[in-house]
Amino acid sequence: MSNPNKPHITVMRSQLSRARGLGSGQTGVAHWWAERASAVALVPLSGWFVIQVFRLAGASQPEVAKWGARPLNTTLMLSLVILTFYHTQLGLQVIIDDYVHGKAHLPAGLLMKGIVFLLGLFGTVSVLKLALAGSSRGRIAAG
């Protein structure tokens with residue numbers, strides 16, 4: 001017997017969500033937009049990189065270092081490396097969320113983020129090393 005004076009609150013949740021006691025994490029839309037934005041930004045950067053690789057084919061190491069020392073090239077290469085690994089992390093996070101459950105979910109996510117971070121850091125340091133090597137060669141040649 002229900003009390004007619006008691007207000008009735010309707011909760012708009014799926015039966016499965018209600019059974020699990022879970023609701024929306026409120027991060028899906030932001031994650032989706034971040035994936036799309038990084039993908040869109042990677043298209044012109046990847047195209048630029050492929051063109052540069054063909055342009056530099058057969059170039060000597062000092063010529064490549066000089067190319068890498070130009071501020072525009074360094075900036076675009078760093079953007080490409082950072083966005084590539086950021087996009088990779090977003091995509092792998094979705095795979096882990098979808099296919100890894102239980103106690104393995106947190107360690108798998110942390111391991112993936114650690115590996116992607118280290119690879120991204122390696123790429124960033126490599127670009128900076130190329131840029132610094134090219135700029136020091138330019139000073140030596142000019143001096």
Side-chain angles (χ1 to χ4, degrees), residues 2-3 6-143:
S2 68
N3 185 350
K6 184 178 178 185
H8 181 265
I9 299 173
T10 303
V11 177
M12 303 280 295
R13 295 171 79 179
S14 71
Q15 292 177 356
L16 179 60
S17 175
R18 210 172 305 131
R20 286 184 177 167
L22 302 174
S24 169
Q26 302 297 323
T27 60
V29 173
H31 189 97
W32 186 88
W33 274 111
E35 276 186 308
R36 293 336 176 254
S38 62
V40 167
L42 281 169
V43 170
L45 285 171
S46 298
W48 169 82
F49 180 71
V50 168
I51 291 168
Q52 298 306 310
V53 166
F54 282 116
R55 277 190 60 238
L56 292 168
S60 66
Q61 195 275 337
E63 290 172 330
V64 174
K66 186 178 174 184
W67 171 88
R70 292 187 187 118
L72 178 65
N73 294 335
T74 301
T75 302
L76 291 176
M77 282 293 295
L78 284 174
S79 299
L80 178 65
V81 168
I82 292 166
L83 275 171
T84 296
F85 286 101
Y86 176 66
H87 185 76
T88 300
Q89 185 269 323
L90 291 172
L92 290 174
Q93 185 63 51
V94 170
I95 292 170
I96 289 172
D97 289 345
D98 287 348
Y99 296 108
V100 180
H101 303 288
K103 292 181 180 180
H105 185 267
L106 181 63
L110 292 174
L111 180 65
M112 177 273 299
K113 286 182 181 184
I115 290 170
V116 170
F117 174 77
L118 288 175
L119 290 172
L121 184 61
F122 176 75
T124 301
V125 169
S126 298
V127 171
L128 292 174
K129 186 174 179 182
L130 175 67
L132 294 173
S135 65
S136 68
R137 284 187 189 273
R139 281 194 303 251
I140 293 169

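Here, residue 1 is the first one in the sequence, and each next residue gets the next number.
- Of the inter-residue distances, the one linking Lys66 atom NZ with Gln61 atom CD reads 13.5 Å to the nearest 0.5 angstrom.
- Atom CG in Leu90 sits 10.0 Å away from atom CZ in Arg36 (nearest 0.5 Å).
- Of all non-hydrogen atoms in Leu83 and Ala41, the two that sit nearest each other are CD1-CB, 3.6 Å.
- Between Ala131 and Ala69, the shortest heavy-atom contact is O-CB, 3.4 Å.
- Atom CE of residue Met77 and atom CG of residue Leu130 lie 7.5 Å apart, to the nearest 0.5 angstrom.
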Pair Gln52-Leu76, side-chain contact (heavy atoms from CB on, under 4.5 Å): steps then yes or no: CA-CA 11 Å; Gln52 298 306 310; Leu76 291 176; over 6 Å; no
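- Panel note: side chain Ser46, backbone Val43; no donor-acceptor pair is recorded below 3.5 Å.
- The two atoms that bring His105 and Ile96 nearest to each other are CD2-O, 3.7 Å, heavy atoms only.
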Please list, one pair per line, the donor and acceptor atoms closer than 3.5 Å that link side chains of residues 108-126 to other protein atoms, with sequence neighbours excluded.
from   : atom 1 : to     : atom 2 : distance (Å)
Thr124 : OG1    : Gly120 : O      : 2.9
Ser126 : OG     : Phe122 : O      : 2.8

Pair Leu92-Ile95, side-chain contact (heavy atoms from CB on, under 4.5 Å): steps then yes or no: CA-CA 5 Å; Leu92 290 174; Ile95 292 170; 4.2 Å; yes
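- Pairs passing the ring pair (Phe, Tyr, Trp, His ring centres under 6.0 Å) check and including a residue from residues 53-91, sequence neighbours excluded, read Trp48-Trp67.
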